[in-house]
Amino acid sequence: MIANMCFRSLRRASAALAVTLPVAAHAAHAAAAEPAPPAAPPHHRDGEFQNNYVDFEPKGLLELLRWRWQAARDGLPQPPREPTATVPPDLAFIHANARAGKAMQPAVTWIGHATVLAQMGGMNVVTDPMFSQRASPFTWAGPQRLQPPGLSLAQLPRIDVVLVSHNHYDHLDEASVRALNGQVGGPPLFVVPLGLKAWLAGIGIEDAVELDWWQSHRAGPLEIVLTPVQHWSGRHLTDRMQTLWGGFAILAPDLHLFFAGDTGYSKDFSDIRERLAPRQRDGGFDIALIPVGAYEPRWFMAPQHVNPEEAVRMHLDLGAERTLGVHWGTFELSDESLDAPPRALARARHALGVPDSAFFVMAIGETRTLPRRGEAQ
């Protein structure tokens, strides 16, 4: 536009040209000097998200029907040999520990599926809270809970932080997050991947922080980092890949914890170890929470869910001191029996030379105390 104005001025009078040329030159110089907008991260793709090492394409209806037909034909999943072990929760310890402040003993309690109460840094953290009877948008259909939560919502101590790894129904349950938001003493802080803050706001949850991969947020003594994992997102057919997913590294003075959420096996976990190594010179993760269930059939599940052997490889890639196997024994989501993951995990540990004490499972409701970071193991 400025060039055209200058051209017209040149035809009118040379005096006007002497005025407009410097103005045009200055504007052109300013435009050239203006920095280009930063490039979007590689996992941001045209309003959607993708994985680092595999471009994930969610399975379509025909593939889903093929899987379910094959499972029905083969009688899968077979009934479990025995129910998932449960124990009464140690409420006296959990609540005393919750009030202990700096004297808190680091501990994890398996509530069921991917829901864990982690007590660390004087704070109470819950991962992927799922307390409902069905992992489904419906109350009358969808995967049904086969074991009650190890702690009910009413039995929880006041929760300081809720971590949500992604928006699938077995990890982001609306009734559960609403209940936690209404807890006595005020709502917790919800830390979520990109795109989920608006979803939470839509159901009245305002105290939320959303992160991109490798972004962090400090909550009291906890530094919470969202890390890449290999998965996908979507609560219905039209919103797939539109919100981000991830794992969480939680760094506290007394404990470093990694929560994988849902994931397939990828190089992301050795990347996490390398990226956080400068922060973990006194040792890697003190404990990792890694899924070990919902892995069959592999042609359907491998890009999105690790099997127990891959879970042990994740443990090794992360350099974790110890790992708790989660995401099994609660909902029947895939073709392996509900009680198969611990047996497959035992075989994988043996094959990869990992001690039983380094990668274990617990009973629903069980609490395990952990050494404070820097203490003798």
Side-chain angles (χ1 to χ4, degrees), residues 86-132 148-165 173 175-192 200 205-209 216-225 248-259 282-283 285-289 321-322 324 326 360 362-377:
T86 64
V87 298
D90 189 348
L91 295 177
F93 169 80
I94 290 168
H95 284 270
N97 204 35
R99 298 187 297 266
K102 292 182 179 180
M104 175 181 279
Q105 179 67 45
V108 291
T109 301
W110 189 35
I111 294 173
H113 200 51
T115 308
V116 173
L117 169 65
Q119 297 185 293
M120 53 191 296
M123 302 189 78
N124 299 287
V125 179
V126 165
T127 64
D128 285 357
M130 176 36 156
F131 292 84
S132 293
L151 284 168
S152 69
L153 283 161
Q155 290 174 322
L156 288 174
R158 185 188 178 278
I159 301 303
D160 300 292
V161 176
V162 173
L163 305 177
V164 176
S165 65
D173 176 62
S176 298
V177 295
R178 282 181 181 273
L180 286 164
N181 191 60
Q183 70 180 352
V184 176
L189 173 68
F190 291 80
V191 184
V192 299
L200 291 172
I205 297 176
E206 299 292 343
D207 196 359
V209 172
S216 65
H217 179 78
R218 183 162 287 280
L222 308 184
E223 183 178 359
I224 302 169
V225 183
F248 289 96
I250 306 98
L251 311 179
D254 57 352
L255 194 77
H256 285 190
L257 179 148
F258 179 74
F259 170 55
D282 53 346
F285 290 103
D286 303 292
I287 188 164
L289 313 177
E321 180 69 27
R322 59 188 67 79
L324 168 62
V326 298
F360 53 88
M362 301 190 331
I364 292 176
E366 183 180 350
T367 297
R368 183 164 298 201
T369 60
L370 305 165
R372 289 184 177 86
R373 193 166 179 82
E375 286 184 350
Q377 302 298 305

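Along the sequence shown, residues carry numbers from 1. Given the structure is predicted, the values throughout are model-derived calculations rather than measurements.
Between the side chain of D254 and the backbone N or O of P106, no donor-acceptor pair lies under 3.5 Å. A donor-acceptor pair is defined here as one N or O able to donate and one able to accept, closer than 3.5 Å; such a pair exists between the side chain of H95 and the backbone of Q155. Without hydrogens or angle criteria, S216 side chain to I224 main chain gives no donor-acceptor distance under 3.5 Å. Q105 places a side-chain N or O within donor-acceptor distance of the main-chain N or O of L370, the cut-off being under 3.5 Å. Panel note: side chain R158, backbone G186; a donor-acceptor pair is recorded below 3.5 Å. A donor-acceptor contact shorter than 3.5 Å links the side chain of R373 to the backbone of G283. Side-chain atoms of R368 never come within 3.5 Å of backbone atoms of A107 as a donor-acceptor pair (strictly under, hydrogens ignored).
A distance of 7.5 Å separates CD1 in I111 from OG1 in T127, rounded to the nearest 0.5 Å. To the nearest 0.5 angstrom, F131 atom CZ is 7.0 Å from L151 atom CG. Atoms NE2 and CD, on H256 and E223 in that order, are 8.5 Å from each other to the nearest 0.5 Å. Atom-to-atom distance recorded for T369:OG1 and Q119:CD is 10.5 Å, nearest 0.5 angstrom. Here the CG atom belonging to L255 is positioned 11.0 Å from the CD atom belonging to E321, to the nearest 0.5 angstrom. Note that CG of D207 is 8.0 Å distant from CG of N181, once rounded to the nearest 0.5 Å.
For S132, the side-chain contact (heavy atoms from CB on, under 4.5 Å) partners are M130, D173, A175, S176, not counting sequence neighbours. By the ring pair (Phe, Tyr, Trp, His ring centres under 6.0 Å) test, F248 is found to be paired with no residue, residues two or more places apart in sequence or in another chain being considered. D90 pairs by the side-chain contact (heavy atoms from CB on, under 4.5 Å) definition with A92, F93, not counting sequence neighbours.
The minimum heavy-atom distance between M120 and M104, with the atom names listed, is N-SD, 3.2 Å. P129 and L163 get closest at one heavy-atom pair: CD-O, 4.0 Å. When every heavy atom of L222 is checked against every heavy atom of A252, the shortest pair comes out as CD2-CB, 3.5 Å. Heavy atoms only, all atoms of each residue included: I159 and N124 are closest at CG2-O, 3.6 Å. Across all non-hydrogen atoms, the minimal contact from R372 to A103 is NH2-O, 2.9 Å. The two residues I364 and P149 have their closest heavy-atom pair at CG2-C, 4.2 Å.
By the 4.5 Å heavy-atom criterion applied to side chains, P188 and M123 are not counted as neighbours. Residues V108 and L257 are in side-chain contact: their nearest non-hydrogen atoms beyond the backbone lie under 4.5 Å apart. Inter-residue side-chain proximity for I205 and P187 is flagged as unmet; no heavy-atom pair is nearer than 4.5 Å. Side-chain contact between N97 and T367: absent, with no pair of heavy atoms (C-beta onward) separated by less than 4.5 Å.
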After noting the C-alpha distance and the side-chain angles of L200 and V164, does the key distance pass the side chain to side chain contact (heavy atoms under 4.5 Å, CB included) rule? CA-CA 11 Å; L200 291 172; V164 176; 6.0 Å; no
Would you please test T109 and E366 for side chain to side chain contact (heavy atoms under 4.5 Å, CB included) and show each step? CA-CA 6 Å; T109 301; E366 183 180 350; over 6 Å; no
